[in-house]
Amino acid sequence: MSIYDTLNPEQKRAVLHDKGPLLILAGAGSGKTRVLTHRIAYLIEEIGVNPWNILAITFTNKAAREMRERVDKLVGYGSENIWVSTFHSTCVRILRRYIDTIGYSRSFTIYDSDDQKTLMREVCKYLNIDTKKTNERSILSVISKAKDELITPEEFERTAGGDYNQSRYAKAYIEYQRRLKASNALDFDDLIMKTVELFQTNKEALTYFQNRFRYIMVDEYQDTNTAQFHLIHLLSSGINEYGDREFNLCVVGDDDQSIYKFRGANIYNILNFEKAFPNAQVIKLEQNYRSTKNILNAANEVIANNQGRKDKALWTDNEEGEPVHFTHFNTDFEEADNITAEIQRMVESGEANYHDFAILYRTNAQSRLFEEKLVMRNIPYRIIGSVNFYARKEIKDILAYLKTINNGLDNLSVKRIINVPRRGIGLVTIDKVTTYALQENISFYEALTRANHIPGLERMASKITPFVSLIEGLKSRLNQEGYSLSELIDDVLDATGYLRELEEENSEEAMDRIANIDELVNKLVTYEENAPEEPTLAGFLEEVALVSDIDNLEEGADNIVLMTLHSAKGLEFPYVYMCGMEEGIFPGYMSIYAENPVEEIEEERRLCYVGITRAMKCLSLSAAKQRMLRGETQFNRPSRFIQEIPRYLLKVTAPGPGRFPSSNQNSNFTTTARENNPMNTNFDKQNSWSAKKTTDSYKPYLLPKAKHFEGSNMGSLDYGVGDSVKHIKFGVGIVTNITKGGKDYEVTVDFPKFGVKKLLSTFANLVKINE
DNA sequence: TGTATGGATATTTTT
DNA sequence: TATCCATACA
């Protein structure tokens with residue numbers, strides 16, 4: 001009995017395919033990772049391929065790690081030589097080796113989206129682009145799209161021609177790229193684009209990697225963009241010893257799960273694979289091993305509403321299972337309350353464990369209500385994606401120190417930390433130094449080292465010089481023999497006084513920040529201990545730059561997970577709750593009112609398909625009749641995706657009585673939840689942090705009184721239109737109007753000295769004056 | 001130079 | 001509603 005006997009016929013065919021291009025159309029839950037790992041094993045053990053010649057590319061670190069683990073189990077010897085990594089880290093590794101041949105230095109920094117935005121803000125200021133009319137983000141997204149399509153700034157400018165807007169974007173692109181280069185920095189898109197550029201200009205590098213990667217496998221192929229396509233095409237078009245192009249390329253994907261078009265994914269990569277790689281074989285994996293018949297049928301019915309798909313029909317041998325549940329709640333509050341109650345009940349009855357559950361939603365903002373409920377009920381949970389650990393201020397600050405030490409050209413990082421902690425160096429000084437650096441064509445940091453020669457800055461030199469010697473001191477220590485990275489970070493925390501300042505502040509927030517910094521130190525120590533090669537500062541920084549929140553999703557922890565539908569791709573759970581199934585939420589209003597709604601809605605539908613197919617045993621959908629969104633009450637109809645599921649697959653449940661029929665009981669719950677809150681200790685730091693935060697900011701929910709509040713409810717304010725009121729700052733004025741805004745009253749008051757002001761009643765503390 | 005404050009503004013998804 | 005930013009003030 002061999003390991004290949006457990007495969008079904010199609011899977012086996014895919015595994016035994018050893019030469020030439022292969023497209024595996026793998027439906028959800030059809031065992032594609034299994035096929036990939038078994039194929040690697042087959043190539044090594046049966047065909048005699050050197051593990052060293054195999055490259056497997058995924059999108060997330062988590063997927064890469066999983067694949068590595070599974071391959072390790074399957075392949076006894078030499079599996080560590082298989083190159084398993086994400087697109088981005090693959091490119092970083094290639095660039096670290098060759099990037100100096102295209103004009104960057106090997107110690108380049110990677111800019112994340114925050115950094116990109118900061119840089120773009122500088123660019124806009126420099127080019128006099130009004131960021132109120134065109135915000136940084138939209139410019140960045142234009143640039144990102146261009147980079148995905150391998151369009152250089154110069155080309156972009158050429159095609160822009162006389163078009164005013166386009167040429168403005170072009171100018172921004174050029175300047176942005178110039179500054180990245182000056183900072184010796186690459187953004188995420190550059191990682192791919194520059195690697196392609198390297199391969200196009202440096203034949204030696206290309207040949208080296210073509211010879212190295214004789215067998216290439218790509219997971220989630222439907223999410224690749226044009227740049228990634230070219231990268232793979234270049235890498236796989238090596239010539240073998242008989243002078244033939246082999247294209248030993250095996251890609252796995254599912255066009256129905258393509259959900260990253262907004263990020264440049266090019267669906268034609270998978271739809272036209274057979275054109276791009278002649279003689280490609282296509283194998284379809286259509287048997288689903290994950291879900292019940294009912295769930296799978298619901299998924300099939302929904303996705304059938306999309307046009308232009310690759311023809312396929314997913315089926316399963318699994319049992320029929322429960323029908324798909326659907327509940328139409330009255331409010332979003334009731335939705336969160338009932339779902340969390342149901343989960344709790346099922347766990348307490350011993351039917352399931354917390355880790356069997358996932359709550360999925362369209363937008364991160366929807367997690368908040370659930371979080372509040374989970375805290376109240378003492379249910380352990382983990383939210384993926386809302387606040388990235390590495391996006392926190394204190395973490396970015398410390399990393400900026402490390403980046404400055406690693407790459408002094410990184411202007412952004414230097415500017416970030418020059419006055420953190422406070423050194424009395426303000427904006428004026430920074431501006432002067434920047435201007436000087438620009439004039440002299442040197443980096444910002446270089447300019448700092450010459451502070452006492454900069455006209456007009458002689459007096460500031462006494463503040464700047466200590467900073468420079470601080471950095472220089474740290475740099476030189478790093479160069480000493482036997483000085484470790486963990487010593488470096490300790491020295492950074494100590495010598496900068498960063499930690500001391502937080503300790504002295506002694507607030508709860510400061511304690512959280514310290515805890516986060518400790519966590520960062522831990523990560524660095526872990527990196528040092530586990531690094532495959534010699535641990536380096538650049539290595540650590542790049543690892544940190546390329547992780548996403550989903551990568552930290554630990555297995556085995558017994559908690560519910562909450563995440564967006566996007567993050568859920570590739571995962572599976574016995575019980576899945578998809579909430580907020582409403583028109584305007586999912587599909588989102590952005591897609592409904594888009595220029596090309598058909599296309600956009602189809603992408604949303606694929607997202608829905610992804611969500612449904614995450615469920616193994618039981619799927620529950622829900623919508624709310626009214627929902628609070630950015631302080632406003634919205635009334636949405638149930639999502640069209642619900643209608644697309646045939647009635648016989650659905651079990652429509654009436655919403656429960658609602659635990660909180662009237663609003664005033666809530667406050668009791670808030671306080672008790674706070675006091676008996678022993679589960680904080682069971683959580684990791686991130687959770688207790690977020691839990692605390694929301695508990696503190698929790699306010700009792702007021703049932704929205706949307707329409708008819710004018711009469712009776714006015715009583716809760718002790719003044720009305722026409723009354724004289726006193727404000728602590730504005731003095732006495734006359735109320736001219738009162739409207740309901742969110743949970744509060746917006747009171748318009750005419751102050752004789754300050755004019756007409758709109759105030760929120762809870763904050764304004766207006767006092768009625770009796771005349 | 002640093003801080004407070006109020007106003008504006010955003011909210012889709014992320015390697 | 002929550003955060004960000006510019007402006008005014010100390």
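Just so it is clear, the model here is predicted, and its values are computed rather than measured. Lettering of chains follows the sequences in order, A, B, ..., and the numbering in each one begins at 1.
- The existence of a salt bridge linking Lys125(A) and Asp431(A) is excluded, since no basic side-chain nitrogen approaches an acidic carboxylate oxygen closer than 4.0 Å.
- For Glu583(A), the side-chain contact (heavy atoms from CB on, under 4.5 Å) criterion is met by Pro587(A), Ile592(A), Arg637(A), Ser639(A), Arg640(A), not counting sequence neighbours.
- Atom CG in Asp332(A) sits about 13 Å away from atom P in dT1(C), given to the nearest Å.
- By the ring pair (Phe, Tyr, Trp, His ring centres under 6.0 Å) test, Phe108(A) is found to be paired with no residue, residues two or more places apart in sequence or in another chain being considered.
- Ring pair His566(A)/Tyr260(A) is tilted by interplanar angle, where 30° to 60° counts as tilted.
- Using a cut-off of 4.0 Å between Lys/Arg side-chain N and Asp/Glu carboxylate O, Glu136(A) and Arg121(A) are scored as salt-bridged.
- When the C1' atom is compared between dC5(C) and dT12(B), the two are found 23 Å apart, to the nearest whole Å.
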Handout entry: Contact state string [nucleotides 10-15 of chain B, B base, S sugar-phosphate only, - no protein heavy atom under 4.0 Å]
Key = -BBBBB
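- Note on Arg606(A): nothing from the nucleic acid sits closer than 4.0 angstrom, heavy atoms only.
- Using bins of under 30°, 30° to 60° and over 60° for the plane-to-plane angle, the ring pair Phe641(A)/Phe586(A) lands in the perpendicular bin.
- In this structure, Asn419(A) reaches the sugar-phosphate backbone alone: every heavy-atom distance under 4.0 Å involves primed, P, OP1 or OP2 atoms, never a base.
- In this entry the distance linking CG of Leu369(A) with P of dA2(C) reads 11 Å, nearest Å.
- Gly588(A) comes within 4.0 angstrom of nothing in the nucleic acid, heavy atoms only.
- Rounded to an integer number of Å, the gap from Asp114(A) CG to dT3(C) P is 14 Å.
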